Amino acid sequence: MQQLRIPVEGDTVEGGAIQLITFNSAGFRVPRYDYRPDDGVLVDTQDGVEYTPVEGTFTNAEGQSVNPGWRVPIGFDNYTQLLTSPQIRAPFLRVLLWTISFAVLSVVTTFAVGLLLAMALNKPGLKGLKTYRTLLILPYALPSFLTALIWAGLLNESFGAVNNLLRVAVPWLNDPWMAKVSILLVNLWLGFPYMFIISLGALQSIPSDLLEAARTDGATGLQAFRRVTFPLLFVAVAPLLIASFAFNFNNFNIVFLLTGGGPPIAGAQTPAGHTDILISYTYRLSFEGGRGPEYAFAAAVAVVIFLIVASISAYSFRYTKALEEIN
Amino acid sequence: MSSQGPGTAASGIDEEADERLSSDADRDQPETGGAGTFARWFRDFGWRHLVAVAALLFAFFPVIYIVSAAIKPTGSISAQRLIPANPSLVNFRTLFNDTLFFRWLWNTILIAGGASVTTVFLCALGAYAFSRQRFKGRRGGLLFILLAQMFPPLLAFVALFLLAVEIGNVFPAVGLDTRLLLFFVYLGTALSVNTWLMKGFFDTLPRDMDESAEIDGASHVQIFFRIILPLTTPILAVIFLLTLITTNTDFILSSIILRDEQNYTLAVGLTQYISNQYGARWGPFAAGAIVGSLPVIADVASEVPRLQPHARRGQGLSGPLDWPHHDGSSLYVSDPQPELDEDVAVFVRVPRTTGVERVWLRSAPDGEETFTEAVLDRADDHETWWRADLHLRNPENRYRFLLGSGDGRLAWLRGEGLCDEDTPDVADFRLHAYGSAPDWALDATCYGVFPDRFARSEAKKDWPSWAQPADWDDEVVRGGQAAMDQLYGGDLDGVRERLDHIVELGATMIWLNPIFESSSNHRYNAASFDRIDPVLGGEQALRALLDEAHRRDLRIFGDLTPNHTGDDHDWFLTAQADADSAEAGFYFFSRHPDEYWAWLGVQSLPELNHADPELRRRLWDGPDSVVARWLAFGLDGWRIDVAHTTGRHGTTELNHQVARGIRRTLQQAKPDAYLVAEHFFDPTPVLGGDGWHVVMNYAGFTAQAWAWLRSPEALVDPKTGEELPLFGRPYPIPNSTGRQTAASLDAFRATLPWQATLASFNLLDSHDTPRFRTVAGGRDRQLAGVGLQMTMPGIPVVFAGDEIGLTGWDNEDARKPMPWDEAKWDSATLAAYRDLIRLRCEHPALRRGGLRWAHVGADVLVYLRETRDERLLVAVARAGHPSVTLAAASLGATRGEHLLGGPDLTAADGALTLPGDGPAVHVWSLDHRE
């Protein structure tokens, strides 16, 4: 119906026609633009301004464009931009660097604390171990969107319980460095019970005669730990640590809900913050960009993330031999 | 047990390991006894608790704050005090009024729950197809799933968003801002990874199961719903939970898709609500966080055990419960008393940890070795059950199992247990089609009565000329002829008058030592097989006793000596008098009338010649024989004295014919009569066939119980000044460890068909041995022995007087008259006897259940008696010992109810810890497999 046009003969404007406007009304319409097939330029019939096709839209000399546009294959432009445009590359690299640091540091801190705790509590005859374990898993089990929001409240600079309690005014979430520390701390809080539980399990599965043999051979406690306990433990938990790294690499909830990625990096052309990791950066590109959503660019970043995560997965698959199961 | 199983060298029965554990005596228990002990406790345990409490404080600090904020009357975050002055629920009210909180909660449950359920169902279907079926594109499909699950769904959110917009233009019902779309998105993110996970799990289920179902005509739908799904419930539950947690935690996808407040999930709703207004909305937000967390906490708390499989202490434990097992009980044999030519299904249970993947039954019909591959009958998380049909081609059938693991290891499972070396067939399982001991005997508890010493009625006695009458309280004469002439005058009326005592004890059958007329107090030198000794009250008294006993459901069986008679026996006197008499052929005269073969050279005990047809007719062959006649009179069975040598004399080897003949006559005269043979040695050659039903299990039980439970002190008979020997052998009663004991019990049991084991006589002592209480060195170990006797397969036999604590250094000392003055009784022993006998009566598993070792320590034997309906765990300890810990998974139970008033068992960290006290007897009724 929309296509229906009734040309009107006579002294009317050339090219005008009667056309449906709504379902029950029609009106006389005159085309605003005229297309010149010779050079592919669109001409405004009212003021004669010329619009030339630029990247999927007709654009005039002032940079104004006529909507809607059309799709244009732009090849790898988004990826090239990511690596070449200084205003884009600089924040992207910072975000990438922080993403990797964040994931590594999260695994290291949670594992260290969890392991120390497990070693302290791995004592035959210790009462209440089961209770400790059950209680510790509960905070871990809470939905992370809730715990992140709770911590955001607790670390709030002016109202937060932490500052109130310590009677200080630390800008936990607003200072670039403190925000990073806060995120790591909160992630430590979130992750150490899990690491405690898997470390405890791994410790208990180490045959005691190995340690006894080491002791008989005169090894000190530290030596026995370094040479016997830790290597055996590491073999058992390494796959879980890799999984934990991959998880934290995309730990959107904690970053987005705790700091929102902020504080912002000054001078960045894209919405990048000091605590943004790639996934939250992508999200903000898509939905919070100051210059409108940049879906295409965000998708490009997503693919880059995928490539990184996929190589990590491929590495761990070599150990799990999952590929061999396809037969 | 010479072999404990492939690759599990002696684990679980390692006695040195026991000792090691026992040195770990320090306990987490702060003592109040002085600064030194507290310092030690703090060094060992105290600081660890401090660390744990610090960790808990760190973990719970935000939680505490949230709870505190939620009940503060002011919604502001800045209020200081942790415990508010006027706690109120005003924040909850504000939350519920200001927001659509319950709508959000409902949305969350609807979307996350719906997606989880659907995921589980669809993944199971897909995984079944990928695991069990072969179709075009399967490989490609699997590869696609593998790659798809590598791509984190989070990363696709840009695409998802754009897609949602497009879809909404065509199908608004699943467009942007609909709950249905979020449901589909969650489904998409969960399907591939979980299908992959589940396919891997399905692959571990043995295929034989569904293949055999397929052969039986089951469709794929039936196999899926009837076989696969029930077996995979645990993994389904885990996947449901994982999906629920993932979807419930999601913020990014839901915040992209849901735009209208009406459609929010909790994650989006609460985030939007608080959106940086921490100052004003903190209190209501805290309230929302608490309410929103409750379902998750409840859910996770219930799943905590499942979520920490690595932390199961019990998993490190390996013991005999983790070995494959088969015995003749009805758990493993479809018909324990089969007929000839019957197909009997035999089962093996194989713990998954063994890695066994194939099982064969090896049998030898007509002597030809035959292997039958067993099929998987059923399986659970912990173990698999394999089934094969054994065709009873011959009356005597031996069989064993061959177990093969995935990596090519082989092991045999025979009567003696598991071994990975090749062994001959003697210890194979046996299943015979001869018929076996009467069914009632399997449930019996027997009471042994030595007539001269049990009880004396008021009846006036005509003392025989040979007798040296004694008063009931007189000392027993030990040694020499006088020991046999000393007659106390106990009689059958006396037995009848004391039936109350026997019934109250719980016994159901009485074994009477010989009651035929004879010239000794033990009456094993019969002067007649036709006359009941007048000193005992004669035939009349027997009649009265049998009637009264039968009225009380007690059975009575007699004691016959087909090996010999007394030298004053009617037959022997005739034989000596007349060399041409029929009776002369009954004996082995080398020179008539004074030189003849006598048992062990004792001239008063001339041996009978069973080659003589007339003797056979008179003694045991046919309805007129002694054997048949007294059964007809009312006896319920026979105990055959010195059965091992009966019918044996040089080249005359008629032992088996005698056994068969007596059995045949018994069967005809009284089909449900019981036939037990005296046998101090290995009874293998004479048992389990068509001869004696069973034997007195001196070799397989008594000797083992003595060796394990004998007093640790030297047992020096004060009269002889010598160490107490074992059954007259030239060595003292050995002192065995639990391992040796269990191995011997197994070895002897392995030589018998299971039904014969169940009906065998398990004695701790008899009129022929010292009293067990003397061997055990006192009440404690005696009762440990009674515990063993009442919970092991076989008929327990109590020799009158055991139950009140009588002692005795040899058979004569053991035959001291039963004191009826209850002040002289050890009432604690009597009570223990009654309890244990009642326990045996009340629990069929103790009488007929299969037997599996759970732990064998130096000082403790732990075993399971199992039927289809009940599972009892028994621990008998001869001394205090390191407490035994059993893996709940291996045991298949998490709780045990003590049946004797001791402590119940409860699994902690996947293991059950048994008390380490001793000497002790514990019996627990286990809950059924989870």
Side-chain angles (χ1 to χ4, degrees), chain A residues 117 120-121 123-128 130 132-139 141-147 149-154 156 158-161 164 189 193 196-198 200-202 204-205 250 252-253 256-257 279 282-283 286-287 295 298-299 302 305-306 309-310 313 322-323 325-326, chain B residues 24 26-28 44-45 48-49 51-52 55-56 58-60 62-63 65-66 76-78 80 139 142-143 146 150-152 154-159 161-162 200 203 248-249 251-252 256 267 270-271 274 278-279 282 285 289 292-293 296-297 300-301 304 307-308 310-311 313 315-316 908-909:
Chain A
L117 191 59
L121 299 191
K123 165 88 178 171
L126 187 78
K127 285 186 177 172
K130 199 184 166 198
Y132 293 144
R133 210 169 53 200
T134 309
L135 286 176
L136 278 175
I137 205 175
L138 281 181
L142 292 179
S144 62
F145 72 84
L146 272 181
T147 43
L149 289 173
I150 290 170
W151 273 104
L154 293 177
N156 186 291
S158 20
F159 312 109
N164 275 337
W189 178 86
F196 161 67
I197 284 165
I198 64 168
L200 187 66
Q204 289 179 341
S205 67
N250 285 321
F252 175 83
N253 280 9
F256 188 78
L257 297 178
I279 185 84
T282 317
Y283 180 89
S286 305
F287 301 104
Y295 298 129
I305 304 177
F306 168 66
V309 177
S313 302
L323 282 166
E325 282 182 41
I326 305 183
Chain B
D24 189 9
D26 47 347
R27 296 269 184 275
D28 180 6
D44 286 345
F45 292 103
R48 297 175 196 272
H49 287 292
V51 170
L56 282 179
F58 178 48
F60 275 88
V63 180
Y65 253 86
I66 277 294
S76 146
I77 195 173
S78 53
Q80 282 288 324
R139 239 186 99 85
L142 275 175
L143 197 62
L146 180 66
M150 280 170 68
F151 190 86
L154 273 189
L155 294 179
F157 67 83
V158 180
F161 173 74
L162 298 175
D203 282 346
N248 198 38
T249 310
F251 169 75
I252 185 164
I256 292 167
L270 282 177
T271 310
I274 190 76
Y278 289 101
W282 183 245
F285 168 76
S293 309
V296 185
I297 292 180
V300 172
V304 161
L307 291 177
Q308 35 184 294
H310 294 285
R313 187 154 55 102
Q315 273 193 344
D909 298 341

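Chain identifiers are assigned alphabetically (A, B, ...) following the order of the sequence lines, protein sequences preceding nucleic acid strands; residue numbering begins at 1 within each chain. Please read all numbers here as calculations on a predicted model, not as lab measurements.
Annotation: the span from B/Ile274 atom CD1 to A/Leu257 atom CG amounts to 11.5 Å, rounded to 0.5 Å.
A pairwise comparison of heavy atoms in A/Tyr295 and B/Val158 identifies O-CG1, 3.6 Å as the closest pair. The nearest pair of heavy atoms linking A/Ala120 to B/Val51 is CB-CG1, 4.1 Å. Closest heavy-atom contact between B/Ala289 and A/Ile150: CB-CD1, 4.3 Å.
Heavy atoms of B/Ile252 lying under 4.5 Å from chain A belong to its backbone as well as its side chain. For chain B, no part of A/Phe196 is nearby; none of its heavy atoms comes within less than 4.5 Å. In this structure, the portions of B/Ala267 lying under 4.5 Å from any heavy atom of chain A include both its backbone and its side chain.
Proximity of a side-chain donor or acceptor of B/Arg48 to a complementary backbone N or O of A/Leu121 within less than 3.5 Å is not detected.
Residues meeting the side chain to side chain contact (heavy atoms under 4.5 Å, CB included) test with A/Ala152, sequence neighbours left out: A/Leu258, B/Tyr278. Every residue two or more places apart in sequence or in another chain that forms a side chain to side chain contact (heavy atoms under 4.5 Å, CB included) with B/Leu56 is listed here: A/Tyr132, A/Leu135, A/Leu136, B/Phe60.
A parallel orientation is assigned to the rings of A/Phe252 and B/Phe251, their planes being inclined by less than 30° (bins at 30° and 60°).
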Do A/Ile279 and B/Phe157 pass the side-chain contact (heavy atoms from CB on, under 4.5 Å) test, and can you show the C-alpha distance, the side-chain angles, and the key distance before you say yes or no?
CA-CA 10 Å; A/Ile279 185 84; B/Phe157 67 83; 3.9 Å; yes
